[in-house]
Every structure is written in C-alpha cells, then in structure tokens.
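Working notes, structure below.
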Amino acid sequence: MSSKGLLSLNSKVGLVVAALSLGGYAWTFTSSLRTMELFVPRISLLLMVLGGILVPVREIMKPETKVEFKLTGKLPYAIAIAIFMWAYSWSFRNIGLVTSTFAFLFVWWLWTVYRDARRKNDFSKFGKTVVKMAALAVTVSIVIHVLFIELLSMYMPRTPLP
Amino acid sequence: MAIDTVALSGAVADVFTIQTILFIMMGIVVGISVGAIPGLAHSLPIALVLPFSFILPLAQTMGLLIGTYVGGTYGGSITAIAFGTPGTSGAAATVADGYGLTQMGKGKKALQMGLYASVLGGFFGSFVLIFLVVPIGRMAPSFGPGELTALYMLALSLVVVFSAENPGKGIMSAGIGFFLAIIGRDIITGGLRFTFGIRQMQSGFPLVPLLMGFFALPVIVKEIHEFIKDPDKSGDLGESILDEAKKKEPGLTIKELFKSGKAIGIGSVLGTFLGALPGPGATLASYTSYSVYSQISRDKNYGKGSLDGVAAAEAANNATCGATFIPMLTFGIPGSSIAALMMAALVMEGVPVGPRVVVDHTQVVYTLFILMLMTNPLNLVFGWLLIPVFTKLSKIPAQVLWPIIAIFLVIGTYAYSNMPYHTIIAIVSGFIGYFYKWYKLPDGPLILAFLVTPLFEASFRQALTIARGNYLYFVSSPISIGLWTVTILSIFFFLRRKKEIIEDEE
C-alpha cells in the first residue's frame with residue numbers, strides 16, 4: 001500500500017492483529033476456564049491489542065517514523081520450503097533416513113546443476129559435478145545416520161527411530 | 001571458608017594428570033561440535049557420557065562432563081553466528097547481531113568475539129562459584145514465590161523497555177510470546193488452554209522446535225529465494241567453495257575486544273546471577289543481558305550486527321556454567337537439566353550432593369573448582385582452532401548449504417522427542433519467524449516473554465494462594481521491595497537514557 005493512503009500497510013497489519021486479539025479477548029469470556037486460568041492469556045491478548053493500536057498511533061503522531069514496506073513475494077517460497085520439510089519428515093519415517101536424505105538432497109542438487117548448466121549453456125562439467133554432488137549427498141546421509149541413529153539409539157535405546 | 005590445604009593438594013593431584021586433561025579436551029571438542037549442530041542439545045553428549053561415571057575416576061568423569069558442558073554452551077553460538085541458526089537455545093540471543101555481522105562479511109570477528117566473551121564470562125562464573133558459593137547459595141533459596149514474582153516482573157519489564165524504540169511492535173511481540181507460553185495445560189489446575197482440541201498441544205509449545213523453526217526457517221527461505229532469483233550471487237557448485245574459503249577475513253582486534261568490555265562485564269554479572277537461581281537458565285540469562293545492554297549501547301548497529309550484542313549474550317550464556325553449580329553444591333538443587341545430569345554423575349561417583357557436601361567432600365568440591373577453571377582456557381584453544389573450520393563452512397554456496405541446514409532442522413526437531421508434531425511446531429514457528437522478519441517485529445520480547453511467562457505465572461499464583469488473594473504479599477519482604485524498586489528505577493533509567501540517545505542522534 002502506498003503512502004498516499006490514510007494508513008500504511010504497516011498500520012493496517014497492526015490494526016488487523018489488534019482486531020483479532022480483541023476478538024480473542026472477548027472470546028475468553030465465553031470460555032469455561034476459571035478467571036485465574038485466564039489471567040495470563042488475557043494479559044497476552046491485551047498486550048497484542050495495545051501493540052497493534054500503538055503501531056498506527058505512532059505513525060500518526062510521528063509521521064517521520066512511518067515505515068513503508070510491501071509484500072516481497074517470498075511467501076510462496078516459504079510455503080514450498082515448509083512443504084518440503086514436512087515431506088522430508090514424512091519420508092524418513094516411511095522409507096528410512098539415509099534413503100530419504102540422499103533422495104531429497106540429490107534431486108535438489110541435480111536440478112540446480114542442470115539449471116546452472118542450461119543457464120550458462122555449458123554441459124561440459126555437468127557429469128563430473130553431478131557425481132561430486134551425489135558423493136556429497138551420500139556423505140551427508142551417512143553423517144546424519146551416525147548422529148541421529150547410532151548416537152540416539154545409544155542415548156535412548158528403546159525409542160523407535162526412522 | 002578457610003582453605004583446606006590437604007583437600008586442595010589432593011584435588012590438584014587428581015586434576016593435573018594426562019588422563020584428566022585428555023578427558024577435558026575430549027569433552028570440549030565433543031561439546032563444541034555437538035553444540036554447533038542445531039537440534040542436538042548439549043545435554044545429549046552429557047547424557048551419553050554419563051555411564052562413564054561407573055568406570056572412570058571422579059576427576060576424569062567430571063572433566064569430561066564439564067568440558068562437554070562448557071564447550072557445548074559455546075558451540076551453540078557458532079551456527080548462530082555463521083548461519084543464523086542457534087545450535088542451542090542459549091545461543092538464540094546471539095543470532096541477530098552474530099548473523100548480522102556474518103552478512104556484513106565480519107563473521108570471523110563475530111565468532112572470535114563469541115569465543116572470547118564465552119571464555120571471559122565462563123571465567124567470571126567460575127570465580128564467583130569459588131568465592132561466593134556459600135553466600136549466593138544461601139540467598140537463592142530465600143527467594144519465595146513473592147520474591148520470584150518480583151524478579152520475573154523485573155525481567156518482563158525489560159521486555160517493554162527492550163522495545164522502547166518501537167513500543168507498539170515490542171509490546172505486540174511480547175504479547176505473542178506470552179500467548180505461545182500459556183498454550184497447553186494450566187500449571188495448577190490442569191485445565192486445557194487454547195489447545196483447540198489437538199491432543200499434542202496439551203504439553204504446550206515446545207521451546208527447542210520453536211526456537212529452531214523461528215530462527216532458521218526465515219533464513220532458509222531468504223537464502224533459497226536469493227539463490228533462485230539471482231543464481232550468480234551464489235558460488236558455482238563444486239568449484240568456488242575452496243576459492244571463497246581461501247579469502248582471508250580480518251579477525252577481532254584487541255581494541256574491539258576492549259571496546260566490548262562493558263558488554264562482557266554486564267553479561268558475566270547477569271549470567272552468573274541468573275545462573276545461580278533455579279529455573280532461568282542460559283537462554284533467559286543471555287536474553288536478559290542482551291536486552292539490558294541494548295539500553296546502554298550507543299552502537300547504531302545493535303540488533304543488526306554489533307560486536308557488543310554478541311559479547312553481552314555470549315558472556316552471560318557461558319557465565320551460567322559455573323553459577324549453575326552454586327545451588328547444586330550448596331543445597332543439592334539442580335538449577336537446570338544439565339546440572340541435574342552433573343548431580344547424577346556425582347551421586348554415581350558416591351558423592352551425596354547436598355548441604356554438607358562442602359564440609360564432607362571438600363576435595364571433590366575443590367576438584368570441581370579446578371576443573372571449571374581449567375576448562376575455560378582449553379575451550380579458548382579448541383574454539384580458536386575450530387573457528388577457521390566453521391568460517392569456511394559459511395562460505396559454502398547457498399544451494400549446497402541451506403538444504404543441508406533444512407534437513408538438520410527437520411531431523412533435529414524430530415529427534416528432540418521423536419514426535420512428528422515437533423516438526424510441525426518448527427514449521428509453524430518458522431512462519432511466525434517469517435512474519436516477524438517481514439513485519440520487522442523485534443524477536444527478543446517474544447523469546448524473553450515465552451521463557452519467563454511459565455515461571456512468572458507459577459510464582460504469581462503460588463504467592464496468591466499462600467497470601468489468600470492478598471496482593472500486599474508481593475511487597476511484604478525486603479527482597480521483594482528491593483526488586484520492585486530496581487524494576488521501577490530501571491524502567492525510568494533506561495527510558496531516560498534512550499531519550500538522551502535519540503536526542504543526541506538528532
């Protein structure tokens with residue numbers, strides 16, 4: 001949102017957080033929990049309301065401190081990486097730690113090497129680099145196996161490990 | 001306490017043997033290496049070597065354990081500085097400035113500052129352990145729920161002061177920290193709070209996956225995004241790693257070290273004090289020190305890439321190592337999980353840890369003192385030797401390094417308790433961290449509030465139960481009154497100081 005508007009994106013986000021927290025605060029009065037159990041949760045929600053309101057108030061009182069920022073387009077990357085992390089966690093529990101670590105790393109590196117070679121239009125070192133990266137993926141998989149399977153099975157022998 | 005020369009000479013003879021020194025060295029190398037791996041807490045190697053206490057003499061066992069503890073506490077800062085991912089929760093406060101310096105091309109300086117501050121803080125904590133073990137040990141248990149509430153209020157007030165530069169965002173960040181901390185079972189009644197029907201959430205929001213995801217995921221996203229958008233910025237696979245690593249970075253100068261002396265001093269004092277109290281631990285100590293120093297620092301880069309920030313956090317972090325032994329040796333109260341492991345090792349060696357241990361097992365106590373003092377210079381040597389290795393690792397191209405870090409993050413959070421739920425928590429925390437980075441929220445208030453809230457709530461409600469709802473109980477003892485006075489004065493002092501700094505800058 002541009003600075004031409006009444007409120008910047010910074011202030012709008014602050015107000016959204018304040019509104020959501022206020023909703024949460026109101027919701028606590030419908031909760032079956034006791035007053036003492038809700039003491040700290042209510043403080044936390046009120047702090048979020050206060051903080052969210054103070055953001056636009058500060059911008060209005062001190063316009064020189066106005067912060068302008070925009071959505072940078074990293075969110076799709078964050079979602080993709082989160083999916084990758086969850087997929088890896090699922091795979092090592094189902095196909096084994098070494099296999100999944102090697103597969104995930106090698107597929108990623110294979111793609112980056114191919115992308116790099118295609119971008120530079122130079123496939124002369126492609127095979128050699130792929131072998132290097134495969135060797136690195138094997139090494140990382142072995143290190144992870146030693147650290148998280150061998151050591152942890154000594155530390156917690158009865159724990160089911162991937 | 002008069003020095004028992006016979007016990008002291010016996011302790012010296014036990015410690016200054018080739019075997020004991022080798023075990024200390026082994027402990028430090030293992031501690032630094034494991035501490036530097038996100039997800040492998042340094043309590044793991046300590047627990048792993050614990051069975052050695054059945055077969056090794058006391059000095060060697062404790063040398064190995066103390067070496068691992070001190071090395072691991074320092075090791076956590078290496079990945080915090082080099083990759084923006086804290087190896088241990090105690091190093092989380094080092095991330096902002098340490099990684100900021102790495103991004104400015106001053107990673108070596110930051111790693112060296114982290115090492116020197118850790119060693120100096122560790123020395124300070126060890127000296128305090130030796131000279132004040134009895135007086136401080138007596139003071140800690142005199143903190144009842146009322147006094148502890150006042151102490152935690154002091155820490156929480158620092159949260160607000162910490163965010164004085166942008167009060168709205170600081171308060172919002174603290175509120176989020178409070179909220180995350182109360183998810184799960186109520187500590188007194190067992191009622192479920194904000195678990196939304198998810199069974200795993202009954203045990204609350206776990207600290208380690210929270211910290212790992214919160215700090216690591218936004219950095220991974222940023223680095224992978226940069227690599228995909230601008231591949232030329234990243235080195236070529238298999239080619240440029242060594243070329244980049246060969247480039248020499250300037251190290252820390254004596255002048256820079258002296259300039260951060262105040263930060264190291266404050267970190268050492270706060271780390272020792274908080275380390276001596278059961279509960280707060282290294283993470284809270286490093287964050288408290290970091291936030292206190294932020295109020296007096298004139299460094300414009302504080303929070304973005306300041307050597308003072310690294311010094312304040314790391315000195316406090318390692319100062320807790322010696323101080324943790326204070327309640328353990330005087331009253332048999334282990335102040336942290338690691339202290340509990342140390343205590344278990346001592347018990348297995350046939351030392352009944354408790355109020356009489358100083359009188360009945362003086363030689364053992366002296367042995368521990370000497371081991372603590374010896375561990376710090378050896379930590380300096382091995383840390384110094386390992387810095388170039390970790391500096392080189394930070395030069396590895398993004399497309400190679402960050403997928404490996406992501407894999408360590410996932411497997412580390414899973415290994416923490418073998419629950420896929422913790423991986424989800426790390427991912428969710430990563431999104432919270434991503435929002436923090438995007439919205440420029442300060443992370444200090446969140447972490448400090450998250451750590452202090454359970455302690456504060458427990459003390460507060462215990463105090464109210466004891467006092468039958470009478471709020472005057474919170475100001476009924478001289479310690480409480482003193483702490484409330486310090487809280488109010490520190491708020492005024494820091495706010496005034498902040499205003500002066502802003503006026504000076506204008």
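Bear in mind the structure is a predicted one, so any value in this text is a computation, not a measurement. In what follows, every chain begins at residue 1, and chains take the letters A, B, ... in the order their sequences are listed.
The shortest non-hydrogen separation linking A:Ser44 to B:Gly175 is CB-O, 3.5 Å. The minimum heavy-atom distance linking B:Ile404 with A:Val140 is given by the pair CD1-CG2, 3.8 Å. Annotation for B:Glu457 and A:Met36: closest pair OE2-O, 4.5 Å, computed over non-hydrogen atoms.
Other residues, nucleotides and ligands place no more than 12 heavy atoms under 6.0 Å from the CZ atom of A:Arg118.
Put simply, CE on A:Met85 and CD1 on B:Ile424 are 11.5 Å apart, with the number rounded to the nearest 0.5 Å. The CD1 atom of A:Ile81 sits 10.0 Å away from the NE2 atom of B:His225 when rounded to the nearest 0.5 Å. In this structure, OG1 on A:Thr112 lies 9.5 Å from CD1 on B:Ile228, to the nearest 0.5 angstrom. One distance of note links CH2 of B:Trp438 with CG of A:Leu75; it measures 9.5 Å at 0.5 Å rounding.
Under a 3.5 Å cut-off, the side chain of A:Tyr88 and the backbone N or O of B:Ile411 do not form any donor-acceptor pair.
Among B:Ile407, B:Thr189, B:Ile220, B:Val221, the residue with the largest count of heavy-atom pairs under 4.5 Å with chain A is B:Ile407. Counting heavy-atom pairs under 4.5 Å between each of A:Ala82, A:Gly52, A:Ala78 and chain B puts A:Ala78 at the top.
For B:Phe214, the ring-ring contact (aromatic ring centres under 6.0 Å, His included) test picks out B:Tyr436, with sequence neighbours left out.
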Donor-acceptor pairs under 3.5 Å, side chain of residues 21-28 of chain A to any protein atom, not counting sequence neighbours: which ones?
{"residue": "A:Ser21", "atom": "OG", "partner": "A:Val17", "partner atom": "O", "Å": "2.7"}
{"residue": "A:Thr28", "atom": "OG1", "partner": "A:Tyr25", "partner atom": "O", "Å": "2.5"}
{"residue": "A:Thr28", "atom": "OG1", "partner": "A:Arg42", "partner atom": "NE", "Å": "3.1"}

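Heavy atoms closer than 4.5 Å to chain B are found nowhere in A:Ile53, neither backbone nor side chain. Contacts of A:Leu45 with chain B are made by side-chain atoms alone, with heavy-atom separations under 4.5 Å and no backbone atom involved. Interface residue A:Trp86: backbone and side-chain heavy atoms are both found under 4.5 Å from chain B.
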Between B:Tyr414 and A:Arg93, is a side-chain contact (heavy atoms from CB on, under 4.5 Å) present by the stated rule, with each step listed? CA-CA 10 Å; B:Tyr414 181 78; A:Arg93 280 181 282 121; 3.5 Å; yes
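Side-chain contact between B:Arg193 and A:Leu38 is absent, with no heavy atoms from C-beta onward closer than 4.5 Å.
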